[in-house]
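Please read the structure below before turning to the comments.
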Amino acid sequence: MRLPTKIPTIIGLFLIIFIIGTIIVFQNVFLAPSNASGSQAPSNVHMSNVSDSTFTVSWTTQLPTTGTILVSAPGKSNQVYYDQRDTTGKLGTYTTHSITVRDAKSQTNYSIKLLSNSKYYDNNGQAYPLQTAATLPPNTTGLEPAYGTVHATTDRPEDGALIYLTIDGSQELSTLTKSTGLWLIPLNQIRTQDVTSYLPTVDRMTEHITVEAEGLESTAITDTLNDSPVPEMLLGKTYDFRRQQAKVQGTTALALRPTPVLPTAAVLGDTTSRTFIVSLTTPGQGTGLATTHPLIQGTGIPGKYVGVSVGITQIMSGSAKVDESGLWSYTPPKALAPGKQSVTITSVNQLGKTVAITHTFEVFKSGTQVLGDATPSATLAPTITPIITMIPTDTGTIAATTTPESTLSGQPQPVTGNELPAILLILLGVSLFASGSLIATH
């Protein structure tokens, strides 16, 4: 029996359509990422740390993803900002995301879109709205910083947990925990809930703390006399720390857990059994700031004073007393001019020797510290700049440590999928069509 020597063209076309349909179904059903174990969609979105020049956008995802935001304002659109942990020139993947905009303008309406794994997300079809606050004179009588530690288990610190803090009637402040589980939130510039004025302070004010990480949430109630430190928190637990370790004049706070260690190597807690050092932690050497009223802070010997001189051409001087936990902070009473500036601090160490530390930094002109417009073809171009931090020792000498800092530009390029099946499909279709037509002519 003689087999057919040609395939009718109509059958060849149906065969091509069948193959196309099969490949499409295979890609959508079998190659599509499964959402059974979690989602990359942002949830628990917060707008915090709102001031006249800064604000923070934070959220969580069930799956580890990259995270960026697009910020638009009148006259400017789609400015891209990155997670505060992405300083090495590479976008990381996290389940907690925190991005701070530091070059905002006062009393300006912004609209914000979130990008999770380069996919856009908004607020039910609308961009997230945010209005920055009015500029206020520096608050020189604010509260001391709040700090504590978060652990996933009793022996494992939680790195990258989101910390949200509010005081009764205040705005929401936030931060991320370090690799040691430590978190610290300055309270000296905290505003009211409507961010129109600084929060009036009294001796004891109730604080509410929420921790989000690994799909778990912890909550705690404490007060301003029990927040330095806040006792250790475990993920998934609920706490009430009010009046458990209230500060009493002439005594130190009761240590409920081992005292956390700051990244600057200053140990917080009992002044009779711990070693303290004099350090200038903020602003870092060579950093750039988008605010003309920078928060200057560091560590020192509890009860001692730190002299602070800020500026190069017009020097402003002041002092700050180191609190019992070894922390101090200072804000210049007047705005610094844009350009290169310096800050010098002087104090005494535990041996009574004078220690002086100087950092230079830059104050950006308004609107100049923008990471760039988001465009589909942009890629990451990191520029690594070393930061030298001067750390004094107990003998009065100063040791220099170098830490790389990177500046990111551009936007992560979206991933559109694997193009190989489509290319093979086109080649297969063309070859089948050509062979069918060629056979039909013979």
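The structure displayed is predicted, hence computed values, not measured ones.
Between the side chain of N49 and the backbone N or O of S174 there is at least one donor-acceptor pair closer than 3.5 Å. Side chain of N139 to main chain of N188: a donor-acceptor pair is present (N/O by atom type, distance under 3.5 Å, no hydrogens or angles). S218 contributes a side-chain N or O that, together with a main-chain N or O of G236, makes up a donor-acceptor pair within less than 3.5 Å. Side-chain atoms of T108 come within 3.5 Å of backbone atoms of S106 as a donor-acceptor pair (strictly under, hydrogens ignored). A donor-acceptor contact shorter than 3.5 Å is absent between the side chain of Y330 and the backbone of S309. Without hydrogens or angle criteria, S53 side chain to T291 main chain gives no donor-acceptor distance under 3.5 Å. Not a single donor-acceptor pair under 3.5 Å links the side chain of Q171 to the backbone N or O of V195. Side-chain atoms of T206 never come within 3.5 Å of backbone atoms of D168 as a donor-acceptor pair (strictly under, hydrogens ignored). D240 contributes a side-chain N or O that, together with a main-chain N or O of R242, makes up a donor-acceptor pair within less than 3.5 Å. Of the possible donor and acceptor atoms, one in the side chain of D86 sits under 3.5 Å from a partner among the backbone N and O of G92.
The side-chain heavy atoms of T175 and L184, taken from C-beta on, include no pair separated by under 4.5 Å. When side chains are defined from C-beta on, W328 counts as touching L280, because their heavy atoms get closer than 4.5 Å. A heavy-atom distance below 4.5 Å is not found between the side chains of E207 and D223. Side-chain contact check for V278 versus V306: every heavy-atom pair is 4.5 Å or farther apart. Looking at heavy atoms from C-beta onward, D227 lies in side-chain contact with L187 at the 4.5 angstrom threshold. The side-chain heavy atoms of W183 and V211, taken from C-beta on, include no pair separated by under 4.5 Å. Between M47 and V57 the shortest side-chain heavy-atom distance falls below 4.5 Å. Side chains of I69 and V101 form a contact here, defined as non-hydrogen atoms less than 4.5 Å apart.
Summarising the geometry of Q62 relative to T95, their closest heavy-atom pair is O-CG2, 3.9 Å, with the distance given to 0.1 Å. When all heavy atoms of V363 and Q341 are compared, the closest pair comes out as CG2-CG, 4.0 Å. Across Y147 and S325, no two heavy atoms sit closer than the pair OH-CB, 3.0 Å. Nearest heavy-atom pair, A134 versus R191, reported as atom, atom and distance to 0.1 Å: O-NH1, 2.9 Å. Heavy atoms only, all atoms of each residue included: S329 and L295 are closest at CB-CD1, 4.0 Å. Listed here is the closest heavy atom pair of E144 and S228: OE1-OG, 4.2 Å.
Put simply, CG on N78 and NZ on K113 are 6.5 Å apart, with the number rounded to the nearest 0.5 Å. I112 CD1 to Q79 CD: the interatomic distance, rounded to the nearest 0.5 Å, is 12.5 Å. Taking CG from L235 and CD from E212, the interatomic distance works out to 10.5 Å, rounded to the nearest 0.5 Å. Between the OG1 atom of T192 and the CG atom of L199 there is a distance of 7.0 Å, given to the nearest 0.5 Å. Note that CG of L176 is 5.0 Å distant from CG of L162, once rounded to the nearest 0.5 Å. Atom CD1 of I185 and atom OH of Y164 lie 10.5 Å apart (nearest 0.5 Å).
S77 and S72 are not linked by any side-chain donor-acceptor pair at a separation below 3.5 angstrom, with hydrogens and angles left out of the test. A donor-acceptor contact closer than 3.5 angstrom links the side chains of Q84 and S98. No donor-acceptor contact under 3.5 angstrom links the side chains of S342 and T360, judged on distance only. With hydrogens and angles left out, the side-chain atoms of T299 and S279 include a donor and acceptor closer than 3.5 Å. Looking at T60 and S43, their side chains do bring a donor and an acceptor atom within 3.5 Å of each other.
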From CA spacing to verdict: side chain to side chain contact (heavy atoms under 4.5 Å, CB included), T65, T93:
CA-CA 4 Å; T65 66; T93 57; 5.6 Å; no

Can you check side chain to side chain contact (heavy atoms under 4.5 Å, CB included) on N226 and R204, steps first, answer last?
CA-CA 9 Å; N226 294 280; R204 187 187 295 271; 3.5 Å; yes

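Classified by interplanar angle (parallel below 30°, tilted 30° to 60°, perpendicular above 60°), the ring pair W59/H97 is parallel. Relative orientation of the F241 and Y239 rings is parallel, given thresholds of 30° and 60° on the angle between their planes.
Taking a 6.0 Å sphere around CG of D203, one finds it holds 12 or fewer heavy atoms contributed by other residues, nucleotides or ligands. At most 12 heavy atoms of other shown residues, nucleotides or ligands fall within 6.0 angstrom of atom OH in Y305.
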